[in-house]
Amino acid sequence: MIIVLKPGTTTKAAGELAEQLKETYGVQIHTSQGTQSTLLGLIGDTHKVDAEAISAYDIVESVKRVQEPYKKANRKFHPENTVIEVCGRKIGDGSLQLIAGPCSVESRDQIGGIARRVQAAGAGFLRGGAFKPRTSPYAFQGLRAEGLELLLEAKAETGMPIVTEIMSADHIDLFRDVDIIQVGARNMQNFELLKELGKLDKPILLKRGLANTIEETLMSAEYIMSGGNEKVILCERGIRTFETYTRNTLDISAVPVFKKLSHLPVVVDPSHAAGIPWLIEPLSLAAAAAGADGLIIEVHNDPPHALSDGAQCLTPDQFDKIAARILAAKKALDSLD
Ligand code: PEP
Ligand code: MN
């Protein structure tokens, strides 16, 4: 349930009403202070809440029931876009952030070299997996803690904030200096992991599961947010369909749908969606046009010898060209506004 307060309502009056509602109905209150008005979002069992009685308060403009099961992630609870700031870079403010790097961190030279190249091409964030979710237990599993160290070294050298995947809540301490923690597609519904991430004060890049709906993705965001961590970035990375030409099918419509239903920033991963380097550019352009706040793209210095996902990685030279075209397209799109 959402209570819209009249413009000009003081913070004190809003706080008093919130306290009263908490006491009377045992609900949680999520306050959203917008430029136009203040909203009180009621979370919990709101069946007994008497909407008519609340409408009678002087400071109340309107009372609406929210049907969707996600509350904190819901745009109705927070009409303005959430902007997440990481090391001075903003995600969700209307800009298009490029996150680039290898699928896996493989060595100091590899991650450092790629970091310098993607930064020169315009990327604001460095990606690289240290803990890798692999289909085969015999495949490279990542450098694990050492991989995190190498990412931090690359950050120290370049100043680029780092994005890397967590697979177990047992590893949270190792991730304390990571700037954005990625939850991979395979763990999108690892609810115990999501609950633990909800206790952190750190941005979480939540990838849509391989076979999960938009609503399920928003419910996973809700798990993190309900724990208190509201810094969630949604990521569309392609879903499983009957199509086999591409590794997955990029659900481009998920971008405007996520933006309509939620205030959270949305990033698109064309690499895991396509599985093919030549598709990265058209999918990236489509994502920018659909309103994405960022792109996460795999880049490797030597794709044929990459220890994971070599088939879909761009080379740094390819990334140079594609990044320039994506950023030029973004400028052109902004000029339409
Ligand atoms: C990755 O980013 O390397 C990865 C494994 O992604 P996803 O979880 O989307 O498959
Ligand atoms: Mn990968």
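Just so it is clear, the structure is predicted and the values come from calculations on it, not from any experiment. Order of listing sets the numbers, starting from 1, for every ligand and every atom in it. Values below: all heavy atoms of this structure, side chains included; hydrogens, waters and symmetry mates excluded.
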Can you tell me which residue and heavy atom of the protein come closest to atom 2 (O) of ligand 1, and the distance to 0.1 Å? Arg127 NH1, 2.8 Å
Can you tell me how the ring of Tyr223 sits relative to the ring of Phe191, calling it parallel under 30°, perpendicular over 60° and tilted otherwise? parallel
N-O pairing of Arg117 and Asp320 below 4.0 Å: yes
Do His30 and Lys71 have side-chain heavy atoms sitting under 4.5 Å apart? no
Of all the non-hydrogen atoms in the protein, which one sits nearest to atom 6 (O) of ligand 1, and at what distance? Lys207 NZ, 2.9 Å
Output yes when a side-chain donor or acceptor of Gln110 lies under 3.5 Å from a complementary backbone atom of Asn301, and no otherwise. no
Please say whether Asp309 places an N or O atom under 3.5 Å from an N or O atom belonging to ligand 1. no
Can a non-hydrogen atom of Glu165 be found less than 4.0 Å from any atom of ligand 1? yes
Hey, can you pull the donor-acceptor pairs under 3.5 Å for the side chains in residues 128-135, sequence neighbours left out?
{"residue": "Lys132", "atom": "NZ", "partner": "Cys103", "partner atom": "O", "Å": "3.2"}
{"residue": "Arg134", "atom": "NH1", "partner": "Phe140", "partner atom": "O", "Å": "3.0"}
{"residue": "Arg134", "atom": "NH1", "partner": "Leu307", "partner atom": "O", "Å": "3.3"}

Looking at side-chain heavy atoms only, is the closest gap between Ile214 and Arg208 below 4.5 Å? yes
Cys103: numbered ligand 1 atoms lying under 4.0 Å from its heavy atoms: 3 (O)
Considering both backbone and side-chain atoms of Gln182, is one of its nitrogen or oxygen atoms within less than 3.5 Å of a nitrogen or oxygen in ligand 1? yes
Taking NZ in Lys321 as the centre, count heavy atoms belonging to other residues, nucleotides or ligands within less than 6.0 Å. Is the count above 12? no
Under a 3.5 Å cutoff, is there a donor and acceptor pairing between the side chains of His300 and Glu106? yes
Is the closest side-chain heavy-atom distance between Asn74 and Ile2 below 4.5 Å? no
Out of curiosity, is Gly129 lining ligand 1, as in a heavy atom under 4.0 Å away? no
Pairing donors with acceptors under 3.5 angstrom, does anything connect the side chains of Ser95 and Asp93? yes
With a 4.0 Å cut-off, would you call Arg89 and Asp179 a salt bridge? no
Note: ligand 1 atoms sitting under 4.0 Å from heavy atoms of Gly184 are 8 (O)
Which of the protein's N, O or S atoms come within less than 2.8 Å of the Mn ion (ligand 2), not counting waters? Cys103 SG, His272 NE2, Glu298 OE2, Asp309 OD2
If you scan protein heavy atoms around atom 4 (C) of ligand 1, the nearest is His272 NE2, 3.4 Å
Look only at the side chain of Lys12 and the backbone of Thr9, and say whether a donor-acceptor pair between them is shorter than 3.5 Å. no
Any idea which atoms of ligand 1 are less than 4.0 Å away from a heavy-atom of Lys132? 1 (C), 3 (O)
Tell me, which protein residue and heavy-atom name are nearest atom 9 (O) of ligand 1, and how many Å apart are they? Arg237 NE, 2.7 Å
Taking the minimum heavy-atom distance to atom 8 (O) of ligand 1, which of Ala273, Ala185, Gly128 ranks first? Ala185
